[in-house]
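Have a look at the structure below before the remarks.
Counting convention: from 1, in listed order, for ligands and their atoms alike. Positions are given from 1 along the sequence. All values reported here derive from a predicted model rather than from experimental measurement.
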Amino acid sequence: MRRYSTLVPEVGLILGSGLGSVAASVEAALELAYSAIPHFPQSTVAGHAGRLVLGRWHGKTVLVFQGRLHYYEGYSLSEVTLPVRVAAALGAKFLFLTNAAGSLRADWQAGELMLIKDHLNFLGDNPLRGLDDARFGPRFPDLVNAYDADLRRYAREAALAMGLALREGTYAAVSGPSYETPAEAAFLRLAGADAVGMSTVPEVIVARQVGLRVLAVSCLTNVLAGAAGGHTVHEQVVQRAAAAADDLARLLAAVVARL
Ligand code: HPA
């Protein structure tokens with residue numbers, strides 16, 4: 001990276017399913033396919049471009065990972081979280097994440113955005129497992145305020161100013177790639193989750209280990225059965241996320257501009 005550009009990113013951005021177009025308005029100084037980066041895992045999911053974009057966006061230098069890596073693709077959590085370490089190593093201080101998620105709440109609508117305030121890790125794995133090297137940060141990072149309260153306030157204020165409905169809740173991460181059974185959805189709700197998805201939590205854990213301040217927003221693409229919803233159809237998930245991408249981009253842009 002440093003060989004290609006002297007720009008130092010302030011914000012890393014990892015974009016979820018159907019949400020890659022958030023990067024469209026970045027004034028790109030450098031675009032690199034993941035396949036051109038040695039040792040970098042490849043994005044295997046449709047709807048994930050698999051490209052890194054470095055450039056200026058709303059007055060800040062951003063490093064956008066357009067195409068996320070997921071545990072269900074078969075990658076280890078160390079591979080899944082490599083982008084976070086790359087962003088931090090290049091100088092980023094903030095990490096913004098987006099994802100598509102299923103709503104576990106009957107009173108929330110598909111298409112709405114949810115600010116993540118906390119998480120439940122149901123992956124059965126942790127990206128810090130096996131890693132004991134002080135150069136990477138503490139072995140036992142604290143996860144209180146992992147979803148930075150100030151950044152969440154900026155997002156809430158921006159949403160209010162834009163007239164955009166913004167929910168706030170707890171995100172449960174599961175491995176997928178199958179969607180939840182009605183019993184699993186009911187269990188996750190009972191456990192305290194408002195939304196469920198297959199990403200984000202590993203990246204947040206690593207971000208906190210290396211000291212990045214985190215903002216994460218889910219696009220609620222469906223309401224799960226068990227929470228008054230019906231079948232979950234992948235094409236609909238991607239399509240609903242794409243439909244919300246513009247709102248999400250405006251929201252993140254407003255927060256980036258305030259940093
Ligand atoms: N479950 C898990 N992951 C998801 C969902 C869901 O219902 N929707 C989008 N990502």
Ligand 1: protein residues within heavy-atom distance under 4.0 Å: Ala100, Ala101, Gly102, Tyr179, Glu180, Val196, Gly197, Met198, Thr221, Asn222, Leu224, Val237
Which residues share a side-chain contact (heavy atoms from CB on, under 4.5 Å) with Arg240, sequence neighbours left out: Ala110, Thr221, Gln236
Distance-only side-chain donor-acceptor flag, Tyr71 / Asp125, under 3.5 Å: yes
Distance-only side-chain donor-acceptor flag, Asp118 / Thr170, under 3.5 Å: no
Between Tyr171 and Phe122, ring centroids under 6.0 Å: no
Row check, Tyr154 ring normal vs Arg258 NZ/CZ: under 6.0 Å, within 45°: yes
Gln109 and Arg167: side chain donor to acceptor below 3.5 Å: no
